[in-house]
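For reference, the structure is listed below as structure tokens.
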Amino acid sequence: MPPIEASPGTGTAVIETAGLTKVYPGAVTALDGLTVSFAPGVTGLVGANGAGKSTLIKILLGLAVPTSGHARVLGRDCATSGEAIRTLLGYMPEHDCLPPDVTATEFVTHLGRVSGLPPTVAKERAAESLRHVGLHEERYRLIGTYSTGMKQRVKLAQALVGAPRLMLLDEPTNGLDPAGRTAMLELIGRIGTEFGISIVVASHLLGEIERICDHLVAIDGGRLLRAASITSFTQASQVLAVEVEEGLARLQAELAAHGLAAAIQRPAQNGGAQPGSGQYGSGQSRTLLVPLRGDDTYDVVRDCVAALALPLCRLEQRRHQVEELFRDDDDEEEARYA
Amino acid sequence: MSEVRAAGVIHDLGYRGYDGPRLGRAQIVRALTWHSFRSAFGLGRGLKGKIVPVLTFIAICLPAVVNAVVVARGGTRLFGYDVYVPTLRVALVTVFIAAQAPELVSRDLRSRVLPLYFCRPLRRGDYPLAKFGALTGALLILIEVPLLITYLGTIASAKGGSAIWAQTRALIPGLGVGLMWAVLFSALGLVLACLTGRRAYSTGIVAITCILTFFLALLLTAAEGGMTATATGARIAGLFSPFTILDGVRVWLGGDPQTGLVADPGRYGPLYGVLAVLLLAACLGGLAARYRKASQA
């Protein structure tokens, strides 16, 4: 067995699976030949409920045995080196997992001990982990007196206490209000970028994940739907939405004459899902989507609108939502990451 | 960007990783055992958690203190080391495991902490092993300390080395019986307590199992002619409760049949021995199976 301190290898995948299949008793297929690799950094693992996210995490932790296929975490085989892998992993479960009648410090210290830290180190790291998640002042309170947001932070702190190389976070924003979600995501992003810890965030909320991830892995029905680098893709696909009250076709022609291939935004399928989409019941679109190439794109749009003297309502930069990203099939990134 | 991360550059925010030595699995299990052992006596818990273990401990030590006083005033030792005060010990061991076995296992089930243990470098059997070790240790304190107090109280007034030696020789089988009790009742208490995360229920299950079986065995013994009877029915009546099974083993191994909880098992003695081993194996097997299932959930 390789020593635990061995480097996972700079730049290589932190998680690799090959043909991973898990069939539960009763012929329930949770994973169906999943082959995917996770690069270092923050990776979003997205999929609907029941897509197989939690099963994948259990196999990676060495807690569930795959029916067939292989999984490697930080260069070690999950089936044979479960303990060594778990020493390097921090796991934050989806559900509540905190006893109400102990203080956060005691609890996190205890779990630090179970992670294999010597007593004094466990104490230090528990205090530090709680400070990093923003619970320094409240750490001597009983966990039962905490708000949902604070409990989520304790869950994150216990994953951090063992000085992991990789963290698996299962739905970390569960049960939080919008402000709490933003704060939690910022915290996770900070741990990923500044603490040097690779992170896999499982979520069914694509829009959230998008904010902090470098890469996305989408699974559905236990199969890989798509694996892609989110930054490179969204940078390439930024668009400018131009909403005018009339003369949409004229503007499109004018922009085409200036070398900008603008598309009329199709009417939204689920009405009102996207604010400012320019739909007012008529089904008639008033918005053009212009590919954003740089600052000069704004100038061209401004000049065209001015030249035609059109009533401009809205001019906004828009990023593709993750849903679209994964629906768009002819994406060259796919070949690179799949 | 990714090279920076992989190299683990430390930023001013103050996060420090840890590359120092880590404890092996055996030491982690020991740490978990010690933590559980402390909580079996309510240490590290609130005042409420200490009430039952402390009161039980004081109550079980009282006869030993009384014995010391009686011996000091010229009396003889009040009870055998191998039986102590049998019914009191049955009652207090029942109270202790009914209250503290759920403290060790139901609490973690209730708050669903188990995944946090199983995602750490432990094997699936380690958690129940640590809990078993912890409760066995706690029961050893509860059962053996009164015996030691009795011993010290008796030899304090003993005259001559031979008297002390006689007491010591009587004490050793007593400690052995205490060990049997601690091991079996720890396994029994845990396997019953881990059936449910609802603490009140698991306390009830443990208490009712202990009390009902004990009275069943007592009633059967009485119906078959009582403690001094030699009929087959009386000899095997003790097989119906864990307390009387262990007492049957004690008598089989040479203990005094007049002072315990059962009629002399006679030639059925080995049956008591086999049943005690089977019961222990069943409890430990059930415990292991319970946590094998839990680690996958």
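To find a chain, count down the sequence lines: A is the first, B the second, and so on, and within it residues start at 1.
- Residue contact with chain B, scored on non-hydrogen atoms closer than 4.5 Å, involves the side chain of A/Val121 exclusively.
- The main-chain N or O of A/Leu61 is found under 3.5 Å from a side-chain atom of A/Arg86 such that the two form a donor-acceptor pair.
- For the options A/Asp101, A/Val102, A/Leu89, heavy-atom pairs under 4.5 Å to chain B are most numerous at A/Asp101.
- Using a 4.5 Å heavy-atom cutoff, the side chains of A/Ile15 and A/Leu168 are in contact.
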Legend entry - Verdict with reasoning, A/Phe38 to A/Leu45, per side-chain contact (heavy atoms from CB on, under 4.5 Å): CA-CA 10 Å; A/Phe38 290 70; A/Leu45 175 63; 4.1 Å; yes
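- Of all the listed residues (A/Ala64, A/Pro118, A/Pro100, A/Ser54), the one sharing the greatest number of non-hydrogen pairs under 4.5 Å with chain B is A/Pro118.
- Taking all atoms of both residues into account, the shortest heavy-atom contact from B/Pro242 to B/Leu279 is CB-CD2, 3.9 Å.
- Residues of residues 23-43 of chain B having a heavy atom under 4.5 Å from any heavy atom of chain A, listed by number: B/Leu23, B/Arg25, B/Ile28, B/Ala31, B/Leu32, B/His35.
- At most 12 heavy atoms of other shown residues, nucleotides or ligands fall within 6.0 angstrom of atom OH in B/Tyr201.
- Counting heavy-atom pairs closer than 4.5 Å to chain A, the top-ranked of the candidates B/Arg112, B/Arg107, B/Arg110 is B/Arg112.
- Chosen from B/Tyr117, B/Phe118, B/Tyr18, the residue pairing most often with chain A at heavy-atom distances under 4.5 Å is B/Tyr18.
- In this structure, the portion of A/Glu106 lying under 4.5 Å from any heavy atom of chain B is its side chain and not its backbone.
- With B/Tyr127 contributing its side chain and B/Ser295 its backbone, the two residues share no donor-acceptor pair below 3.5 Å.
- Looking at heavy atoms from C-beta onward, A/Leu160 lies in side-chain contact with A/Phe195 at the 4.5 angstrom threshold.
- Taking the ring centroids of B/Phe57 and B/Phe96, they lie at or beyond the 6.0 Å cut-off.
- In terms of modelled atom types and a separation under 3.5 Å, the side chain of A/Gln158 and the main chain of A/Tyr91 share a donor-acceptor contact.
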